[in-house]
There are 2 protein chains.
Amino acid sequence: MTSQPFHHGNLRAVLLERAEAVVRERGADALSLRELAREAGVSHGAPRSHFIDRQALLDALAVQGFDRLTERLRAAREAGRSFEDRFHRLARAYVGFAVDDAALMELMFSMKTTGSTPAVADAAGRMFDVLGDALAKGSTTPPHPVDGERFGLVFAAAVQGAAALVTTGRVSREQGERIVDDAASMLLRSELGARVLGGRSDAR
Amino acid sequence: MTSQPFHHGNLRAVLLERAEAVVRERGADALSLRELAREAGVSHGAPRSHFIDRQALLDALAVQGFDRLTERLRAAREAGRSFEDRFHRLARAYVGFAVDDAALMELMFSMKTTGSTPAVADAAGRMFDVLGDALAKGSTTPPHPVDGERFGLVFAAAVQGAAALVTTGRVSREQGERIVDDAASMLLRSELGARVLGGRSDAR
DNA sequence: CAACTTTCTAGACAGTGTCTAGTGTCTCCG
DNA sequence: CGGAGACACTAGACACTGTCTAGAAAGTTG
């Protein structure tokens, strides 16, 4: 444990952990495999046993990020006491994550990462599923599928956009939260929202 | 002109043009100053006279991108025949730009670019100003400043988010346009929208 | 205990951004 | 007209990167 054994033991986990810290602090561009290896006390070629590519490491980070965001969204969904409450909680959880982990968020949604591996696409899909499920569960009558999807997409866009405005420094975090609150309120009170909700505004 | 004179003459312009092509085709990460220099037929150190940094080149590209987007938004605003029409045209112009120049868009809104130079921040500011002005011009009575800003931010968020969903391949371009259309309609018919419009729904 | 697989080392290669010193070219002012 | 200074560029160097290779060490399995 003290002097390095030949086998590091959990190099993969250490690399992921340190890599995420670097991304968070200095951005994905600043991530260097060799620097990571040095910090972990292994040779510069060692990471290759666990990540064939630099991009493979970034992909793994993105998957981890999506999974963590998914978990937070799930928690927000559970904590919601009404449909509207759940709605606002989801939005805030999403924006909060985007603000706290802005660099990671940028990585997760960068073109080279998002489209690269099925694993990343799947993780992103699971995240969006939670968003969609949370909406579907709200209405007593199953929502019209088309309306439901449109509704979910507009919601996703608003939240994603608010997050982008915040992370790029265009608006403050408080403004970002107010944006999603406003957007959520508008959505719920719109015609489309009414149809999705099946005529009720406070389903449980 | 045929054989390269010592002074290239318009190296800066050529570099910008080729750099934008590279970003568009292969992403910002794939941009190499040395490769650019080779293509332009100059030595690897030549670009330094025009762009002190790799980042400086990227910043210049971002400024160019913001300016072009600003121009398109202006055109959309002029073409609009009613407030609602103008609204939809702006949204579609924004999403259209984001789709056609996805990689450039990603560069423009990346953290390292957005926050780096005043020049970039200014260019981004001008773009958002056009968005904001277009909204302010719509209402006959000057909108309540606070409501107007909230309105504009929600709009910007929706549009930006829809663009992000499209550029990351999550939804198709058609879906993206429907999202912004839906969002625009909801916004216009919301309480907040009504207040901003001063009670009218079709101001000219 | 032997075969096999995984994990790591160490060296090499091509490529990069950045810095520096020096040179060719242009412009402008006396 | 000519010289001086500003500018654009060249060429070489440096430290660094990701990736590939061959091979050694350690763990695993039969």
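The structure presented is a predicted model; accordingly, all values stated were derived computationally and were not measured. Convention: sequence-line order gives letters A, B, ...; per-chain numbering from 1.
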If you look at every strand shown and take non-hydrogen atoms under 4.0 Å, does A:Arg38 touch a base, only sugar-phosphate, or nothing?
sugar-phosphate
So what does B:Ser49 touch, heavy atoms closer than 4.0 Å: a base, only the sugar-phosphate, or nothing?
base
Could you tell me how far apart [X] ([atom1]) and [N] ([atom2]) are, to the nearest whole angstrom?
X	N	atom1	atom2	value
A:Leu11	D:dG27	CG	C1'	15 Å
A:Phe51	D:dG18	CZ	C1'	16 Å
B:Glu35	C:dT16	CD	C1'	11 Å
A:Leu36	D:dT17	CG	C1'	13 Å
B:Glu39	C:dG15	CD	P	15 Å
A:His50	C:dT9	NE2	C1'	13 Å
B:Asn10	D:dC7	CG	P	19 Å
A:Arg54	D:dT19	CZ	P	8 Å

**Asked** Would you say B:Ser32 reaches C:dG17's phosphate, i.e. side-chain N/O to OP1/OP2 under 4.0 Å?
**Response** yes
- Task: Record whether the side chain of B:His44 comes under 3.5 Å of the base of C:dG15 through a donor-acceptor pair of N or O atoms.
- Result: no
*Can a donor-acceptor pair under 3.5 Å be found between the side-chain atoms of B:Arg34 and the base atoms of C:dG17?*
yes
So, [X] and [Y], do they make that salt bridge, N to O below 4.0 Å?
X	Y	result
A:Glu20	A:Arg24	yes
B:Asp100	B:Arg173	yes
A:Arg89	A:Glu78	no
A:Arg38	A:Glu35	no

* **Aromatic ring pairing B:Phe66/B:Phe109, orientation class (parallel under 30°, perpendicular over 60°, tilted between)** => perpendicular
Of B:Ile52 and A:Ser43, the one whose closest nucleotide on DNA chain C sits nearer the 5' end is A:Ser43
Among C:dA10, C:dT18, D:dC9, the one nearest any side-chain atom of B:Leu33 is C:dT18
